[in-house]
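First the structure, in the form of structure tokens, and then the observations on it.
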Protein chains: 2
Amino acid sequence: MLNSYSSADKALLAVDCIIFGFDHEGLKILLIKRDFEPEKGKWSLMGGFLKRDEILDRAAIRILNTYTGLHDIYMEQLYAYSEIDRDPVERTISVSYYALINIENHNAELIQNYHAKWFSINEMPKLIFDHDEMVQHAIRRLRYRTSIKPIGFELLPEKFTMRQLLELYEAILSKELDKRNFISKINSLEILNKLEEKDMGSSRKGSYLYTFNKEKYEEKLLNDFVLNL
Amino acid sequence: MLNSYSSADKALLAVDCIIFGFDHEGLKILLIKRDFEPEKGKWSLMGGFLKRDEILDRAAIRILNTYTGLHDIYMEQLYAYSEIDRDPVERTISVSYYALINIENHNAELIQNYHAKWFSINEMPKLIFDHDEMVQHAIRRLRYRTSIKPIGFELLPEKFTMRQLLELYEAILSKELDKRNFISKINSLEILNKLEEKDMGSSRKGSYLYTFNKEKYEEKLLNDFVLNL
DNA sequence: TTTATTAATGTTGATTTTACACTTAATAAA
DNA sequence: TTTATTAAGTGTAAAATCAACATTAATAAA
């Protein structure tokens, strides 16, 4: 009988987290050395099993917190992976989640303590199971979304320069952007606050700092604006 | 211990299918009257449980076939739903899939025999569990994708008129489109074959029939072209 | 005060998008 | 056979957007 509950097969459900970060060196991803068998000692995404009384979104948050101490990170569900032997121990369906975070804001001691490590997306080690596929999928999604709506603010410090923003977009899209055109597009969205304050770290002249205007952004989102970079 | 397999909770995995169709009346969705408890007799998406030796994509195909006799339908995974009590009988995580099909090509006796029924997306009954949410989610995704890449050919008969194509897009996007601009955009993609043959059903003059040129379409897809309607 | 360094800024031509209305072909009815 | 009817088919001009491009400004260091 097709739909009888009693005869249906159960499976383990896992959640794997793809955490993107950005700093002066470019776009990175947060990985851990797996501390249990199988594949102990190999590099892996942060993952864990879904609990009986937990929804997937919540599990993703818990798992990220367990491995990194990070909290209040907004993650988005990406895809469910279900190849029969993707986990050699037991049939496990894994749902991937991804997030964007600001490395400098979050790097602190936390990640050290929990031995997670940032890798440039161009210099990642081979990962266990189907995690490489998950990462590629997440990068595609990130690029896609970035080319449509301005995300990326999560990846920068609260105050940032136009150059930082530009470099972030270049890293995500992995192509060069024209500085002047980029700036005028961003300005035309009117979702940034230009501060009086300058960042003097990068040049003699100093460059203005900006903050992200969340209210205006939310307002614009309603009319689903598109950012064509 | 966070990651021990033995202590992890298992759950049932379901797949639910959202099948979109289009005919002269507009955009529709295929539903069934549920024939087992709970919620027996209520309208529902076509769903079933994932088997031990089956991947999700494959389960979606099997379930659709079981309820409708349809086969060779390409479906795409949408989202995993995991609210604790979304299924009142037992903890069940459901992964939704959606597809677009051509009602006239597929309506035959099959769907009758299996008592699935088409509903206009504007006149759907209330569905069981969280199926309404799944449908809304799928409609959003369909609109989004349609505005980016030309899908929709799956929803039309092999030979179709420009008017049919236009009305399909209008139904999916639920907005009016300018006829001349639409036609010239579609033509500029060069993915249709204009036939000698005319459809005389709709007017004295008759309107040319077109077929979809799959080779050219695949070729274009590689350069990810965008259709801005 | 000169030099070196990076930030800031605007214009133009090309392309794309949008808005908009009349003519044509085929047939049915008179 | 003439006329009326119906939807199909077609083009243009104005507006908006995009892409390419180089010089000046501010400051610290020498």
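Side chains included, hydrogens not; waters and symmetry mates left out as well; all remaining heavy atoms used. Order of the sequence lines fixes the chain letters, A, B, ..., with proteins taken first and strands second; residue numbering starts at 1 for each chain.
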When all nucleic acid strands are considered with a 4.0 Å heavy-atom cut-off, which category describes A/Arg180: base, sugar-phosphate, or nothing?
base
Separation of D/dA8 P from B/Lys198 NZ (nearest whole Å):
10 Å
Look through every strand shown and name the nucleotide pairing with D/dA8 as Watson-Crick or G-U wobble, where both distances are under 3.5 Å.
C/dT23
Expressed as a whole number of angstroms, how long is the span from B/Leu177:CG to C/dT17:P?
14 Å
Minimum heavy-atom separation for B/Gln164 and B/Pro157, please, with both atom names.
NE2-CG, 4.1 Å
side-chain N/O B/Arg163 vs D/dA8 OP1/OP2, d < 4.0 Å
yes
Let's see if you can work this out: which of C/dA28, C/dT9, D/dA20 has an atom nearest to the side-chain heavy atoms of A/Lys194?
C/dT9
Anything under 30° is parallel, anything over 60° is perpendicular, the rest tilted; go ahead and classify A/His137 against A/Tyr79.
tilted
Please state how far atom CD1 in A/Ile183 lies from atom C1' in D/dA20, giving the value in whole angstrom units.
15 Å
Separation of C/dA8 P from A/Gln164 CD (nearest whole Å):
12 Å
Any side-chain heavy-atom pair of B/Phe212 and B/Leu165 under 4.5 Å:
no
Let's test this: given Watson-Crick or G-U wobble pairing with both distances under 3.5 Å, identify the partner of D/dT1.
C/dA30
Checking side chain to side chain contact (heavy atoms under 4.5 Å, CB included) between B/Met134 and each of B/Tyr81, B/Tyr98, B/Tyr97, which is the one that passes?
B/Tyr81
Distance, rounded to the nearest Å, where A/Lys185 contributes NZ and D/dA20 contributes P
11 Å
5' priority, DNA chain D, between B/Tyr208 and A/Asp178 [closest heavy atom]
B/Tyr208
Within a strict 4.5 Å, meaning less than it, do heavy atoms of the A/Leu50 and B/Ile93 side chains meet?
yes
A/Ser203 vs A/Lys179, nearer the 5' end of DNA chain D by closest nucleotide
A/Lys179
Determine whether any donor atom in the side chain of B/Lys205 lies under 3.5 Å from an acceptor atom in the base of C/dA26, or the reverse, and answer yes or no.
no
Counting only Watson-Crick pairs (N1-N3 plus N6-O4 or O6-N4) and G-U wobbles (N1-O2, O6-N3), all under 3.5 Å, who is the partner of D/dT23?
C/dA8
Calculate the interatomic distance between A/Leu165 atom CG and C/dA7 atom P; express it in whole Å.
14 Å
Does B/Met200 reach a base, just sugar-phosphate, or nothing at all? Heavy atoms under 4.0 Å.
sugar-phosphate
Quick one: B/Leu192 CG to D/dG9 P, roughly how many Å, whole number?
13 Å
Return the value, rounded to whole Å, for the distance between atom CZ of A/Phe182 and atom P of C/dA7.
14 Å
Could you check A/Met162 against B/Arg204 and say which one's nearest nucleotide on DNA chain C is further toward the 5' end?
A/Met162
